[in-house]
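Beneath this line is the structure, given in structure tokens, with notes to follow.
Computed over heavy atoms, backbone and side chain alike; hydrogens, waters and symmetry mates excluded. Proteins get letters first, then strands, A, B, ... in listed order; numbering begins at 1 in each. Since the structure is predicted, the reported quantities are computational estimates derived from the model, not experimental observations.
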2 protein chains.
Amino acid sequence: MSNLRELPIVETAAAGVVPCCAPLAREPLTAPDAERLAVMFKALGDPVRLRLFSMVASHEGGEACVCDIQDVGVSQPTVSHHLKKLRDAGLVTSERRGTWVFYKVVPEVMATLSGLLGQKV
Amino acid sequence: MSNLRELPIVETAAAGVVPCCAPLAREPLTAPDAERLAVMFKALGDPVRLRLFSMVASHEGGEACVCDIQDVGVSQPTVSHHLKKLRDAGLVTSERRGTWVFYKVVPEVMATLSGLLGQKV
DNA sequence: GCCTTGTTTCGACGTCTGTCGATATCCAGA
DNA sequence: TCTGGATATCGACAGACGTCGAAACAAGGC
């Protein structure tokens with residue numbers, strides 16, 4: 001009985017259903033759960049993407065313009081490519097405002113992942 | 001100044017230095033930190049590996065024989081390959097006992113990752 | 001309408017990754 | 001010492017991935 005199904009993973013922004021104690025260490029993940037969660041971990045599994053994610057997460061207001069974070073040592077198209085990956089993985093959302101595009105971290109993501117690995121959320 | 005350098009990442013089993021509040025969202029990761037952490041996330045970024053990791057973590061005693069966890073839908077060499085990846089990423093350790101090989105989760109890993117993403121550890 | 005700046009998409013390239021079957025290694029019993 | 005079960009390594013292959021430059025798209029200012 002996977003209580004992960006009730007976790008606010010990716011698209012399901014469920015209410016307040018939260019795990020209590022590192023579900024990942026309480027019982028084996030089911031194949032479907034692993035499938036969905038691995039998407040997130042994989043997205044964070046590239047150094048450039050991890051930095052971009054961290055830059056967005058730590059930027060004031062919880063969101064960042066692409067222009068603010070594109071200095072990570074790769075070309076600008078590559079940055080865009082990585083941001084798209086993060087978006088496809090459900091970790092961030094993007095919004096165009098005038099000339100610029102802003103990325104922000106999906107609120108539930110941090111709680112989901114840290115709740116999955118950690119003791120308390 | 002990246003306080004992640006003091007985190008017990010992979011090989012550094014430092015004493016009790018622990019982050020307070022989602023470092024990943026407090027300040028941008030440095031490139032070297034991102035490099036090291038991405039290795040862990042990447043290792044968890046495959047569904048089969050994530051399940052194996054979860055199976056080891058949730059197994060009684062905190063360790064599992066390969067024979068206990070190799071039923072994940074892929075061939076035995078593939079399981080061995082994935083376990084090696086998890087080991088190389090510093091997430092698990094292995095130990096041969098007689099005929100069997102046991103894997104266990106590196107203790108600091110859960111705290112490191114959940115502390116990185118979460119509020120409290 | 002036409003530039004200019006910011007961002008995404010496209011096409012291509014080399015490398016990495018997950019998977020397998022076959023084979024090798026390790027160890028406990030007989 | 002031989003045999004059999006448990007894991008690991010090897011070699012190969014298809015597909016995914018990260019990267020780039022070039023080109024396309026979007027929006028604002030002239």
Side-chain angles (χ1 to χ4, degrees), chain A residues 29 31-32 34-56 59 61 63-104, chain B residues 29 31-32 34-56 59 63-105:
Chain A
L29 289 173
E35 208 85 34
R36 282 177 299 155
L37 288 168
V39 170
M40 298 195 207
F41 284 120
K42 179 185 285 190
L44 297 178
D46 178 87
V48 172
R49 277 198 298 270
L50 187 53
R51 283 183 74 195
L52 288 172
F53 182 78
S54 172
M55 289 170 103
V56 171
H59 206 265
E63 63 180 10
C65 169
V66 175
C67 59
D68 290 325
I69 60 177
Q70 66 185 308
D71 189 21
V72 285
V74 295
S75 74
Q76 192 277 327
T78 301
V79 169
S80 188
H81 165 76
H82 283 308
L83 287 172
K84 177 170 164 52
K85 286 260 184 166
L86 287 173
R87 187 154 30 95
D88 290 345
L91 299 184
V92 302
T93 55
S94 66
E95 180 193 355
R96 165 155 242 135
R97 284 210 286 277
T99 307
W100 301 280
V101 176
F102 290 80
Y103 282 76
K104 76 165 60 171
Chain B
L29 289 173
E35 207 84 35
R36 281 177 299 155
L37 288 167
V39 170
M40 298 195 207
F41 284 120
K42 178 184 286 189
L44 297 177
D46 177 88
V48 173
R49 277 199 298 271
L50 187 54
R51 282 184 75 196
L52 288 172
F53 182 78
S54 171
M55 290 170 103
V56 171
H59 206 265
E63 64 179 10
C65 168
V66 175
C67 59
D68 291 326
I69 61 177
Q70 66 185 311
D71 189 21
V72 286
V74 294
S75 72
Q76 184 273 324
T78 301
V79 169
S80 188
H81 166 77
H82 283 308
L83 288 172
K84 176 170 165 50
K85 287 258 186 170
L86 288 173
R87 190 153 28 96
D88 290 346
L91 299 183
V92 302
T93 56
S94 66
E95 179 193 354
R96 166 154 241 136
R97 284 210 285 279
T99 307
W100 301 280
V101 177
F102 290 80
Y103 283 76
K104 76 166 60 172
V105 173

Exercise. Out of dC20(C), dT7(D), dT7(C), which has the shortest distance to the side chain of Arg96(B)?
Worked result: dT7(D)

For this session: Could you work out which one of dT17(C), dT9(D), dT7(C) sits closest to the side chain of Gln70(A)?
Result: dT7(C)

Seminar exercise, completed: Rounded to the nearest 0.5 angstrom, the CH2-CG distance for Trp100(B) and Asp68(B) is 10.0 Å

Exercise. Just to confirm, is there a sub-4.0 Å distance from OP1 or OP2 of dT7(C) to any side-chain nitrogen or oxygen of Lys84(A)?
Worked result: no

Exercise. How long is the line joining CD1 of Ile69(B) and C1' of dA6(D), in whole Å?
Worked result: 13 Å

Problem set entry | Spacing between Asp71(A) atom CG and dG6(C) atom C1', to the nearest angstrom | 16 Å

Problem set entry | Euclidean distance, Phe41(B) CZ relative to Phe53(A) CZ, rounded to 0.5 Å | 8.5 Å

For this session: Begin from the C-alpha positions of Leu50(A) and Leu29(B) and carry the test side chain to side chain contact (heavy atoms under 4.5 Å, CB included) through to its verdict.
Result: CA-CA 8 Å; Leu50(A) 187 53; Leu29(B) 289 173; 3.5 Å; yes

For this session: Give one of base, sugar-phosphate or nothing for His81(B), where a contact means two heavy atoms less than 4.0 Å apart.
Result: base

Exercise. Just to confirm, is there a sub-4.0 Å distance from OP1 or OP2 of dT19(C) to any side-chain nitrogen or oxygen of Ser75(B)?
Worked result: no

For this session: Taking only the side-chain heavy atoms of Thr99(B) (C-beta and beyond), determine which of dA28(C), dC20(D), dG18(C) contains the nearest atom.
Result: dA28(C)

Problem set entry | Lys42(B) and Asp46(A), any side-chain heavy atoms less than 4.5 Å apart | no

Exercise. Starting at CG of Asp68(A) and ending at P of dT7(C), how long is that distance when rounded to a whole Å?
Worked result: 8 Å

Exercise. For the side chain of Val74(A), counting heavy atoms from C-beta on, which of dC17(D), dC20(D), dT7(C) is nearest?
Worked result: dC20(D)

Seminar exercise, completed: Rounded to whole Å, the CG-P distance (Leu83(A) to dT7(C)) equals 10 Å

For this session: Taking only the side-chain heavy atoms of Asp46(A) (C-beta and beyond), determine which of dT19(C), dT19(D), dT9(C) contains the nearest atom.
Result: dT19(D)

Exercise. Looking only at side-chain N and O atoms, does Ser80(A) come under 4.0 Å of OP1 or OP2 in dT8(C)?
Worked result: yes

For this session: Establish, with yes or no, whether the OP1 or OP2 oxygen of dT19(C) is under 4.0 angstrom from a side-chain nitrogen or oxygen of His82(B).
Result: yes

Seminar exercise, completed: From CD of Glu95(A) across to P of dA27(D) the rounded distance in Å is 13 Å

Seminar exercise, completed: Separation of dC17(D) atom P from Phe41(B) atom CZ, nearest Å, is 18 Å

Seminar exercise, completed: When Val66(B) and Arg97(A) are each assigned the nearest nucleotide of DNA chain D, the 5'-most assignment goes to Val66(B)

Exercise. Does the side chain of Glu63(B) come within less than 4.5 Å of Arg97(B)'s, by heavy atoms?
Worked result: yes

Exercise. Contact class for Phe102(B) vs. all strands (heavy atom < 4.0 Å): base, sugar-phosphate, or nothing?
Worked result: nothing

For this session: State whether Arg49(B) places a side-chain N or O below 4.0 Å from either non-bridging phosphate oxygen (OP1 or OP2) of dG18(C).
Result: yes

For this session: Indicate, yes or no, whether a donor-acceptor pair under 3.5 Å links the base of dA6(D) to the side chain of Gln76(B).
Result: no

For this session: Using atom CH2 of Trp100(A) as one end and atom P of dT4(C) as the other, report the distance to the nearest whole Å.
Result: 18 Å

Exercise. Between Lys42(A) and dA16(D), is there a side-chain N or O to OP1/OP2 distance below 4.0 Å?
Worked result: no

Exercise. To the nearest 0.5 Å, how far apart are CD in Gln70(B) and OG in Ser75(B)?
Worked result: 10.0 Å

Problem set entry | Nearest-angstrom distance from the residue atom CG of Leu86(A) to P of dC17(D) | 13 Å

